[in-house]
Amino acid sequence: VFVLVALCFILYSKVVNQVDVDLVSGRPVAAAFRHRPQVPVPHQEADIDNEILPIPPATKSPYDLSIELDLKKQQPGLGDNGVAVTLTGTAKARGDKIYKKIALNEELSEQLSYNRTVGDHRNPLCLKQKFDSNTLPSASVVIIFYNEPYSVLVRTVHSTLNTCNGGVLQEIILVDDGSTNPELGGKLDYYIRTRLPKGKVTVLRLKNRLGLIRARLAGARIATGDVLIFLDAHCEGNIGWCEPLLHRIKESRTSVLVPIIDVIDASDFQYSTNGYKSFQVGGFQWSGHFDWVNVPEREKQRQKRECKEEREICPAYSPTMAGGLFAIDRRYFWEVGSYDEQMDGWGGENLEMSFRIWQCGGTIETIPCSRVGHVFRDFHPYKFPNDRDTHGINTARMALVWMDEYINIFFLNRPDLKFHADIGDVTHRVMLRKKLRCKSFSWYLENIYPEKFVPTKNVIAWGKIKAAHGVLCFDDLLQNNEKPYNLGLYACGKSLQKSQLFSLTKNYVLRNELSCATVQHSDSPPFRVVMVPCLENEEYNEQWRYSDQQLIHTRTGMCIDIRGQKGMDDVQVAPCDSNSETQRWLIEHD
Ligand code: UD2
Ligand code: MN
């Protein structure tokens with residue numbers, strides 16, 4: 001028996017230790033895949049600086065096979081310049097299937113080269129800017145991930161090495177927020193060790209999932225660069241996107257910067273922009289959600305004064321930021337309170353940081369010569385810790401610290417959060433606000449975001465609008481505010497609720513947060529009241545008067561009348577009649 005075992009062993013080690021050298025790469029090839037055709041890693045551009053280092057050990061790791069299969073699957077040139085790619089046949093079916101599961105076409109991602117290009121979408125004026133990397137601060141790029149598709153994450157790393165490369169990149173820190181996907185473990189480590197420039201990329205593994213806020217904090221703690229640049233794990237940059245950020249921070253260390261965030265389509269990976277001249281900045285809704293808004297006219301004027309003929313590429317003040325992609329001076333990040341480490345999971349940290357930066361003396365700016373694409377997904381491919389609404393809870397923490405009396409408008413929009421048990425204590429953040437001597441939320445609204453509509457400010461009347469005759473109130477019937485919808489009527493709530501919150505402003509506009517009341521153009525009745533997205537300049541919206549309890553539409557001269565109403569969403573105007581009971585309306589606070 002002993003002889004037999006020994007014989008087997010010798011035979012086995014002969015097979016395993018047999019080492020050949022691959023003719024293409026000069027690297028050792030294990031016997032198991034000696035006969036596979038070797039696929040060189042697609043090298044598309046001369047200036048890619050993450051050259052492939054030879055694999056040092058003679059014995060191959062099982063990861064090599066997997067990595068080589070990955071590379072074999074990639075099609076050089078596919079999706080280059082950020083063009084859309086459509087799969088066909090069985091690949092398409094696989095892509096569609098995984099898309100339904102994780103809101104991203106992982107099949108296609110696996111076919112795109114890690115080094116695919118996305119095109120240069122910058123304003124041509126940017127090309128005139130020259131930066132001397134020797135005098136710029138250095139950057140630590142922090143990329144956090146939780147169960148992201150492996151190929152997408154690796155592409156984000158390659159893209160960063162390729163496009164943030166002018167000598168300013170100190171390091172890339174990947175923070176694994178307790179991922180359970182095995183590919184993101186040993187294989188990722190091995191890939192980094194054997195295929196990427198030495199010492200550039202580090203992985204920090206968190207034992208447990210801590211949520212994206214604490215994951216970013218963990219990354220920031222070990223970073224050594226002058227500037228922290230945070231990225232989501234599914235981003236691809238345009239050439240030279242780091243330098244303009246670093247340059248601006250050198251000029252102004254309390255400026256927190258965001259690139260223009262372009263869209264990488266989650267199903268065909270097309271990189272798309274709104275053209276190089278127009279981009280949006282960050283706003284917010286009273287429900288505590290981030291939204292995109294056009295650069296306000298006021299800000300365009302400021303850019304013109306500040307940057308003259310270069311106004312198109314002038315840093316644009318942004319009332320808030322989306323949260324995932326930004327650059328901040330590393331020391332300033334800590335000085336200004338980093339993050340609220342009691343925020344769990346996902347969400348809310350972006351508005352918290354936005355309000356804090358502005359209220360405590362910093363600025364948030366969009367840097368037009370810095371462009372990075374981000375894969376926007378239709379839903380989260382992951383569950384939230386304990387299935388909690390971490391966005392809501394985190395946002396309530398934010399509101400308690402930063403929004404002063406305006407928190408009432410927030411709770412009006414989110415009554416579910418008012419007494420939520422999981423919000424916890426915010427004393428240490430309130431102390432921080434005191435210590436930094438930060439300004440009030442009303443200062444922020446007046447000076448940084450005067451365009452933001454406040455339902456209780458500069459209004460003639462606001463609150464529930466109730467039919468004097470009956471029990472019904474104006475109600476948006478929970479319509480999507482991005483599109484026009486018919487104004488509705490619904491039983492008045494006991495207390496004021498968001499759907500019944502309306503204002504008649506000093507500009508005589510009848511509105512809620514995002515929509516303004518108009519009357520449908522028509523030759524004959526019914527003349528319906530339609531809510532349309534408000535125009536940026538409030539004065540340009542249609543006007544209404546409130547007099548003797550009547551609501552009179554200026555353009556048609558008619559009054560809102562409950563008489564002809566056929567359904568819940570059928571509020572109409574009719575010729576004014578001062579004796580008519582059905583034309584009388586009571587506004588809660590007038
Ligand atoms: C946006 C931000 C995102 C974050 C979020 C609010 C952009 C483009 N994205 O949502 O960065 O500010 O708003 O919180 O501005 N992740 C973890 N642990 C978790 C959950 C997520 O590490 O428990 C990672 C995830 O893998 C990703 C990043 O955090 O790399 C952001 O998550 P997302 O991409 O799902 O968020 P997104 O873009 O919808
Ligand atoms: Mn994201």
Side-chain angles (χ1 to χ4, degrees), residues 102-104 106 141-150 152-157 159-160 172-181 184 188 203-220 228-237 256-266 279-285 288-292 318 320-328 339-341 343-354 364 366 370-395 397-398:
I102 64 168
L104 185 150
E106 188 173 6
V141 174
V142 177
I143 301 171
I144 53 167
F145 64 96
Y146 174 70
N147 285 352
E148 294 279 342
Y150 172 88
V152 178
L153 173 64
V154 174
R155 184 171 303 103
T156 303
V157 175
S159 167
T160 305
I172 297 177
I173 297 171
L174 302 179
V175 185
D176 176 2
D177 186 18
S179 298
T180 52
N181 172 0
L184 297 170
L188 179 65
V203 189
L204 177 65
R205 306 267 180 198
L206 305 182
K207 270 208 194 99
N208 300 304
R209 182 177 175 197
L210 296 182
L212 77 88
I213 292 106
R214 289 184 289 248
R216 282 197 196 126
L217 281 168
L228 298 171
I229 301 184
F230 293 96
L231 288 184
D232 278 4
H234 30 258
C235 292
E236 293 172 73
V256 177
L257 312 175
V258 285
I260 294 180
I261 303 177
D262 291 318
V263 177
I264 300 174
D265 189 284
F279 59 88
Q280 291 185 302
V281 291
F284 72 91
Q285 290 181 18
H289 289 93
F290 169 87
D291 66 1
W292 294 104
S318 182
T320 70
M321 64 168 164
L325 291 63
F326 68 96
I328 183 168
Y339 277 124
D340 174 356
E341 77 282 9
M343 288 189 176
D344 196 12
W346 176 97
E349 93 295 345
N350 47 359
L351 291 191
E352 194 273 343
M353 180 170 260
S354 303
I364 296 177
T366 303
S370 179
R371 300 194 85 115
V372 181
H374 167 264
V375 181
F376 289 87
R377 296 175 289 203
D378 286 346
F379 57 86
H380 294 284
Y382 46 80
K383 278 218 166 99
F384 290 98
N386 306 318
D387 272 334
R388 293 194 313 170
D389 169 17
T390 58
H391 179 278
I393 295 165
N394 294 345
T395 304
R397 290 183 64 82
M398 174 284 285

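Order of listing sets the numbers, starting from 1, for every ligand and every atom in it.
- Counting the atoms of ligand 1 from 1 in the order shown, those under 4.0 Å from a heavy atom of His374 are 8 (C), 38 (O).
- When the heavy atoms of Phe326, Trp346, Phe376, Phe384 are ranked by distance to atom 39 (O) of ligand 1, first place goes to Trp346.
- When non-hydrogen atoms are compared, ligand 1 lies under 4.0 Å from the side chain of Glu349 (C-beta onward) but not from its backbone.
- The N/O atoms of Ile144, backbone and side chain alike, include one that comes under 3.5 Å of an N/O atom in ligand 1.
- Not close to ligand 1: Glu352, with no non-hydrogen atom less than 4.0 angstrom away.
- Here atom 1 (C) of ligand 1 lies nearest to Ala322 when heavy atoms of Ala322, Gly348, Pro385, Gly323 are compared.
- A donor atom on one side chain and an acceptor atom on the other are found under 3.5 Å apart for Thr180 and Asn147.
- Geometry note: the Mn ion (ligand 2) is the vertex, His234 NE2 and His374 NE2 are the arms, and the angle is 90° (rounded to 10 degrees).
- Any N or O atom pair closer than 3.5 Å counts here, and Gly347 shares at least one such pair with ligand 1.
- Closest heavy-atom approach to atom 26 (O) of ligand 1 within the set Glu148, Arg214, His289, Arg209: this belongs to Glu148.
- Looking at Asp232, its N, O or S atom nearest to the Mn ion (ligand 2) turns out to be OD2.
- Shortest contact from atom 9 (N) of ligand 1 to any protein heavy atom: Asp232 OD2, 3.1 Å.
- For the pair Gly324 and ligand 1, the shortest N or O to N or O distance falls below 3.5 Å.
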**Request:** Could you walk me through whether Phe145 and Asn181 pass the side-chain contact (heavy atoms from CB on, under 4.5 Å) test, one step at a time?
**Result:** CA-CA 11 Å; Phe145 64 96; Asn181 172 0; over 6 Å; no
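- Contacts between Tyr382 and ligand 1, counted as non-hydrogen atom pairs separated by less than 4.0 Å, involve the side chain only.
- Residue contacts with ligand 1 for His380 involve side-chain atoms from C-beta outward but no N, CA, C or O (heavy atoms, distance under 4.0 Å).
- With a 4.0 Å cut-off on non-hydrogen atoms, Arg216 touches ligand 1 through its side chain and not its backbone.
- Using 4.0 Å as the threshold, His234 has a heavy atom nearer than that to some atom of ligand 1.
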